*Asks:* 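This is the structure, below, for whatever I ask next.
Whatever order the structure lists ligands and atoms in, that order sets their numbers, starting from 1. Small disclaimer: the values here were computed from a predicted structure and weren't measured.
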Amino acid sequence: MDLKNSFDYCKTISYICSFIKTNNMRPIIIAIDGFSSCGKSTFAKSIAQKLGYAYIDTGAMYRAVTLFSLKNGLIHNGIINIQALQSHLDGIQISFSRNHDTGENEIFLNGICVEREIRTIAVSEMVSEIAAIKEVRQKLVSMQQAMGKNKAIVMDGRDIGTNVFPDADIKIFMTATPEIRTQRRYDELIQKGIPASLDEIFQNLTKRDHIDQTREESPLRKVPDAIVLDNSNMTPDEQMIWFENLIIKNSTSSFS
Ligand code: DC
């Protein structure tokens with residue numbers, strides 16, 4: 001990031017924060033849906049951090065259930081034992097806790113931090129199929145709704161604006177080209193020291209897009225009141241400027 005952009009970015013963020021304070025904006029729910037690896041988490045995290053809101057990565061919750069299933073022998077050769085998983089659901093506890101060293105929210109599965117384990121390719125390969133199971137969705141959706149009952153939350157996923165919070169104050173639908181998303185996921189894994197191949201990631205992403213959009217239970221779709229953010233050619237700073245304009249435009253009419 002060059003100095004000028006960094007300066008503009010800081011100005012933008014402090015402008016959003018002071019705008020919200022001086023306008024006494026009531027706590028709101030921001031729902032962000034979209035395709036895999038299009039930068040939803042980075043965008044949602046930045047917004048939440050600057051607004052002092054909670055941030056929930058719901059994809060991580062589906063990944064945690066997938067990890068549980070893999071570890072407990074509920075998946076054999078890519079086939080999920082749905083009945084066995086259903087009977088284990090009550091025993092799956094998921095929570096988020098802030099890591100004070102990194103400042104990041106981390107996910108815990110039955111009391112153990114699994115933030116890193118849920119990002120492996122083994123989990124990515126099975127997660128869309130786990131997320132298509134009705135009983136899994138019912139359990140996680142009700143947890144997500146409880147997390148948002150006091151508002152002041154930014155939540156990202158596939159069905160936040162359609163199913164979890166259909167009355168969310170702001171709905172954003174994020175997208176980017178599959179090639180750019182593949183490169184982003186690759187960079188993210190390599191940065192975390194997780195081995196990755198571009199080809200494998202591309203196949204996995206396009207397969208997951210298909211399952212997420214065509215499943216029976218809460219498929220990924222853009223609702224008419226969601227605003228599209230195609231960030232294929234946008235930097236994180238440009239996305240925050242886009243968000244600033246959105247907040248200012250809406251706050252005069254809806255949030256005060
Ligand atoms: O955002 P992600 O790639 O970590 O999500 C993992 C999977 O979970 C993805 O294939 C779709 C699914 N998912 C979902 O069905 N509903 C959500 N609210 C979030 C994720």
Side-chain angles (χ1 to χ4, degrees), residues 29-45 55-70 75 78 80 85 92 94 96 104-107 109 114-148 153-166 168 171-176 178 180-182 184-189 192 194 196 200-223 226 231:
I29 293 180
I30 302 175
I32 302 178
D33 289 306
F35 293 100
S36 300
S37 297
C38 60
K40 293 190 299 294
S41 314
T42 309
F43 179 64
K45 232 183 272 177
Y55 162 61
I56 299 296
D57 168 2
T58 62
M61 298 170 76
Y62 289 94
R63 286 172 178 272
V65 175
T66 308
L67 181 66
F68 178 93
S69 308
L70 286 166
I75 301 177
I80 304 162
L85 173 56
I92 302 180
I94 294 173
F96 288 90
E104 302 266 319
N105 237 9
E106 291 179 334
I107 189 162
L109 171 62
V114 290
E115 188 57 44
R116 198 180 138 87
E117 264 183 289
I118 59 162
R119 311 283 165 197
T120 56
I121 200 86
V123 171
S124 297
E125 265 168 9
M126 289 307 301
V127 64
S128 281
E129 287 169 53
I130 292 283
I133 300 170
K134 186 175 174 182
E135 290 75 8
V136 171
R137 298 204 73 82
Q138 280 169 344
K139 177 184 168 94
L140 298 190
V141 167
S142 70
M143 284 177 71
Q144 291 152 11
Q145 287 169 335
M147 290 171 185
I153 196 163
V154 183
M155 197 172 272
D156 77 27
R158 304 294 187 290
D159 62 337
I160 313 303
T162 52
N163 188 38
V164 181
F165 296 120
K171 296 182 187 176
I172 298 171
F173 188 89
M174 285 181 73
T175 185
I180 285 179
R181 293 190 282 130
T182 299
R184 286 179 184 162
R185 182 65 115 195
Y186 177 84
D187 294 344
E188 190 186 316
L189 290 172
K192 287 182 176 163
I194 300 172
E200 232 178 311
I201 295 170
F202 183 83
Q203 301 302 335
N204 175 256
L205 277 185
T206 42
K207 181 178 156 207
R208 280 201 289 147
D209 286 353
H210 179 73
I211 300 177
D212 294 345
Q213 288 176 290
T214 55
R215 70 179 176 220
E216 217 167 287
E217 295 297 324
S218 314
L220 170 66
R221 65 187 172 86
K222 184 201 140 339
V223 276
N231 68 5

*Asks:* Within this structure, what is the OG1-CG distance for the pair T175 and D33, rounded to the nearest 0.5 Å?
*Replies:* 12.0 Å
*Asks:* So, is R208 polar-close to ligand 1, with some N/O to N/O distance under 3.5 Å?
*Replies:* yes
*Asks:* At under 4.0 Å between heavy atoms, which part of E217 makes contact with ligand 1: side chain, backbone, both or neither?
*Replies:* neither
*Asks:* Looking at every non-hydrogen atom in both residues, tell me the closest pair between S218 and N163 and how far apart they are.
*Replies:* OG-ND2, 3.2 Å
*Asks:* Tell me whether D57 has any N or O atom under 3.5 angstrom from an N or O of ligand 1.
*Replies:* no
*Asks:* Among all protein heavy atoms in this structure, tell me which lies nearest to atom 10 (O) of ligand 1, with the distance rounded to 0.1 Å.
*Replies:* S128 OG, 2.7 Å
*Asks:* Identify the two heavy atoms, one from S36 and one from D209, that lie closest to each other, and give their separation to 0.1 Å.
*Replies:* N-OD1, 4.1 Å
*Asks:* Does D212 reach ligand 1 with a nitrogen or oxygen that is under 3.5 Å from one of the ligand's nitrogen or oxygen atoms?
*Replies:* yes
*Asks:* Kindly say whether P219 contributes a backbone atom to a donor-acceptor pair with the side chain of R158 at under 3.5 angstrom?
*Replies:* no
*Asks:* Using a 4.0 Å cutoff against the non-hydrogen atoms of D159, which atoms of ligand 1 qualify?
*Replies:* 16 (N), 17 (C), 18 (N)
*Asks:* Using a 4.0 Å cutoff against the non-hydrogen atoms of T58, which atoms of ligand 1 qualify?
*Replies:* 17 (C), 18 (N), 19 (C)
*Asks:* To the nearest 0.5 angstrom, please state how far the OG1 atom of T42 sits from the CD atom of E188.
*Replies:* 7.0 Å
*Asks:* Can you name the atoms of ligand 1, numbered from 1 with element, that are less than 4.0 Å from a heavy atom of V127?
*Replies:* 6 (C), 7 (C), 8 (O)
*Asks:* Considering only protein heavy atoms, which is closest to atom 12 (C) of ligand 1, and at what distance to one decimal place?
*Replies:* A131 CB, 3.7 Å
*Asks:* In ligand 1, which numbered atoms sit nearer than 4.0 Å to a non-hydrogen atom of G157?
*Replies:* 17 (C), 18 (N), 19 (C)
*Asks:* Are E104 and K45 close enough for a salt bridge, meaning some N to O gap below 4.0 Å?
*Replies:* yes
*Asks:* So which protein heavy atom does atom 16 (N) of ligand 1 come closest to, and at what separation?
*Replies:* R137 NH2, 3.0 Å
*Asks:* Out of R158, R63, Q144, R119, indicate the one that has the non-hydrogen atom closest to atom 13 (N) of ligand 1.
*Replies:* R158
*Asks:* Start with the C-alpha gap between V154 and I32, add the side-chain angles, then the distance that decides, and say whether side chain to side chain contact (heavy atoms under 4.5 Å, CB included) holds.
*Replies:* CA-CA 8 Å; V154 183; I32 302 178; 3.8 Å; yes
*Asks:* Would R185 count as a contact residue for ligand 1, given that I'm defining contact as a non-hydrogen atom of the residue lying under 4.0 Å from a ligand atom?
*Replies:* yes
*Asks:* Counting N and O atoms only, with roles assigned by atom type, does the side chain of R181 sit under 3.5 Å from a partner on the main chain of A176, one being a donor and the other an acceptor?
*Replies:* yes
*Asks:* Report the part of K207 in contact with ligand 1, treating N, CA, C, O as backbone and CB onward as side chain, heavy atoms under 4.0 Å; options are side chain, backbone, both, neither.
*Replies:* neither
*Asks:* State, to 0.1 Å, how close K139 and I92 come at their nearest heavy-atom pair, and which atoms those are.
*Replies:* NZ-O, 2.9 Å
*Asks:* Heavy-atom contacts under 4.0 Å between M61 and ligand 1: side chain, backbone, both, or neither?
*Replies:* neither
*Asks:* Looking at R119, is its backbone amide N or carbonyl O close enough to the side chain of K192 to form a donor-acceptor pair, meaning the two atoms are under 3.5 Å apart?
*Replies:* no
